Amino acid sequence: MGFWESVMAQYAELNAAKASIPFHISMLHDFYQSFIEGDRWLQYLKGLGVSIEVTIGALILGIILGVLVAVVRTLHDQQRPGQSNHLLSLLNALCKFYTTVIRGTPMMVQLLIMGFVIFSASRNLVGVAVLTMGINSGAYVSEIIRGGIMSIDPGQMEAGRSLGMGYVPVMRHVVIPQAIKNILPALGNEFITLFKDTSLVTVIGLRDLTKAAIQIQAKTYQALMPFMGIAVMYLLVVMFLTWLLGILERRLRQSDRR
Amino acid sequence: MIDVKNLSKSFGDHLVLDNISEHIYPGEKVVIIGPSGSGKSTFLRCLNLLEAPTSGTITFEGTAITDPKVKIDAIRQQMGMVFQHFNLFPNMTIQKNITLAPVQTGLMKQEEADETAIQLLKRVGLEEKADSYPAQLSGGQKQRIAIVRALAMRPKVMLFDEPTSALDPEMVGEVLEVMEQLADEGMTMVVVTHEMGFAREVGSRVLFMEGGHILEQNEPHEFFAHPKCERLQSFLDKVL
C-alpha cells in the first residue's frame, strides 16, 4: 500500500467512526482529491496551457494593434497645422473611438458580448478569447506606445531627418528603440495584467486554468486546494515573467552606462 | 547656392520671419547674429525645411525645395545640420551614429561608411571613442561628433544652429576649432551663433536679424567696426 492509499484509508476509517480527523490527514486527503485522484493535475496543466496560449495570442494581437493605433495617432498629432490629411483624420477618429470604447467598458462585458452575441455560433473559444483580449490589450498598449514615442525628444527625429533619412527609417532605428526602452516596465506590467485577466475567459466557457479549478471544486466539493493551488500557479508564472522582463530591461540599458 | 525669396513664417498669429529674401553663394561662410526671438534659428531651420515656410520659396542649386513634389530627403542629404543640443542618438555607439544615415540612405555600403567614420573621427581627434555611447562623452566631444555625423553624408553646405550655446565655456574652443578647419577647407556654411569672435574671424558675411527681418549685413570687419543701424549698435555694445 502506497503513501496515498494509506492516507485515504485512514481518512475513511476515521470518517466512518465519526471521530475527529487530524488536520494533516484532512489536508492530505483534500490535496489527494484535488490534484492526484483521476490525474487531476493534468487538468490544471491543460488549463494553464490554455491560459498561456490565450495570453501569447492576445499579446501579439495587442502589440500589432497597439503599434498601428499609436503610429496613426502620432502621425496625426505631428501633422503640420493646415496640412491635414482627410484619410489620416478619419483613421485617427476611428482609433480614438476604439480606445474610448475598449477602455471604457469592462473586459468581462466585452467577453460576454464577443462570446454570446458576435461569435455565439463559433466553437473556437480560444480564438474568441484571443480576439477579445487582443483587442482589449491593443487599446492599452497603443496608449503606452504613444506615450513612449512622445517621450522621445523631437530633436531625435529632426536630427535623423536632417541627415536625409525618411520618417520610417528614423522611427525604426532611432525613435522606436528608445521608446521601447522607456516603456518596457509599463509594457511588462500590461503583459502580466493580460495573463492574469485570462482568468475571465472562464465566462465564455473556455477551459483555462481557473475553469479547471472550478470544475474540480464542483466534483470534490473542496474549494481550498484548487483555488489556492491556481493562485500559486498564477503567482509562479508572473514571477517568472517579471524575472524575464528584468533581464530584458538590463540588456536595453546598455547604452546608458557611462 | 541657396536662394531665399520672400520667406515668411508664422507660428499661429506670431510672425517670426517677415518676407526675407537672401542668397547664399558657394563657399560663403554666412554668420547670423541677433537677439533671441529674432527668428535667426527659424530662418536656418527653414533652409532645410525642418520648419515649413508659411510663404515664399527656397531654391537649392536650382531646385525649388518648397515645392511639395520635391523629395526633401534627397535635398537634406546634401545639407548637413548641427544642433544646439547635439541630438546624437543615445541608443547607438558613436560609430553607428555616424554610419547610420550614409548606409540607410544608400549613399555608402557599411564598410565604406565605417572607413569614412574612422577617417572623420581621426580628423577631430576622437577615433578612440568610436565604440563609446554618447552618454559617455563631454558636451564638446558630442558636438564634434555631431559635426562629423553631418559630414559623413558629404554635404555641400553645413547649417549650424547655435552649436556652442549649450556647451561649458571651456569646451567652446574645441568645437569652434573644428568649424574653422571646415571653413578653411572651403565648405559653404551658415552659422547662427553668439560667438562674435568666430563671426569676425571666420565669417565672410555677417547678418544681423531682429524681429523677423535682416536689419543689416556686411563683411565682418565693417560690420563690427562701423555698424550702421542703431539697433545693431546697441546690440553690439551689449555683447562685445
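Quick note on labels: first sequence line is chain A, next is B, and so on, each numbered from 1. Quick caveat: nothing in here was measured; it's all calculated off a predicted structure.
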- Message: As an exercise, state the distance from CG of Leu163(A) to CD of Gln104(B), rounded to the nearest 0.5 Å.
- Response: 11.5 Å
- Going through the distances and angles, do His173(A) and Met92(B) end up as a side chain to side chain contact (heavy atoms under 4.5 Å, CB included)? CA-CA 9 Å; His173(A) 294 282; Met92(B) 304 173 190; 4.2 Å; yes
- Item | Asn91(B) CG to Gln178(A) CD distance, which is reported to the nearest 0.5 Å | 4.5 Å
- Item | Options Ile72(B), Asn48(B), Leu88(B), ranked by heavy-atom pairs under 4.5 Å with chain A, top entry | Leu88(B)
- Item | Distance, nearest 0.5 Å, that separates CE of Met81(B) from CZ of Arg161(A) | 13.5 Å
- Evaluation steps, side chain to side chain contact (heavy atoms under 4.5 Å, CB included), between Met165(A) and Thr105(B): CA-CA 6 Å; Met165(A) 287 192 280; Thr105(B) 56; 4.0 Å; yes
Please tabulate, for the side chains in residues 199-206 of chain A, all donor-acceptor contacts under 3.5 angstrom to protein atoms that are two or more places apart in sequence or on a different chain.
| residue | atom | partner | partner atom | Å |
| --- | --- | --- | --- | --- |
| Ser199(A) | OG | Lys196(A) | O | 3.1 |
| Thr202(A) | OG1 | Ser199(A) | O | 2.8 |
| Thr202(A) | OG1 | Asp208(A) | OD1 | 3.1 |

- Query: Are there residues of residues 140-159 of chain B that reach to under 4.5 Å of chain A by heavy atoms, and which ones?
  - Reply: Arg149(B), Ala150(B), Met153(B)
- Would the number of heavy atoms belonging to other residues, nucleotides or ligands and lying under 6.0 Å from CD of Glu61(B) be above 12? yes
- Task: Sort Phe83(B) into side chain, backbone, both or neither according to what part of it lies under 4.5 angstrom from a heavy atom of chain A.
- Result: side chain
- Task: Inspect the surroundings of CD in Glu170(B) and state if more than 12 heavy atoms from other residues, nucleotides or ligands are less than 6.0 Å away.
- Result: no
- Message: Looking at Glu128(B), I'd like to know if its CD atom is crowded, meaning that more than 12 non-hydrogen atoms belonging to other residues, nucleotides or ligands lie closer than 6.0 Å.
- Response: yes
- Looking only at heavy atoms, the pair that brings Ala159(A) and Phe89(B) closest together is CB-CE2, 4.0 Å
- Note on the structure: OG (Ser162(A)) and CG (Leu49(B)) are apart, to the nearest 0.5 Å, by 12.5 Å
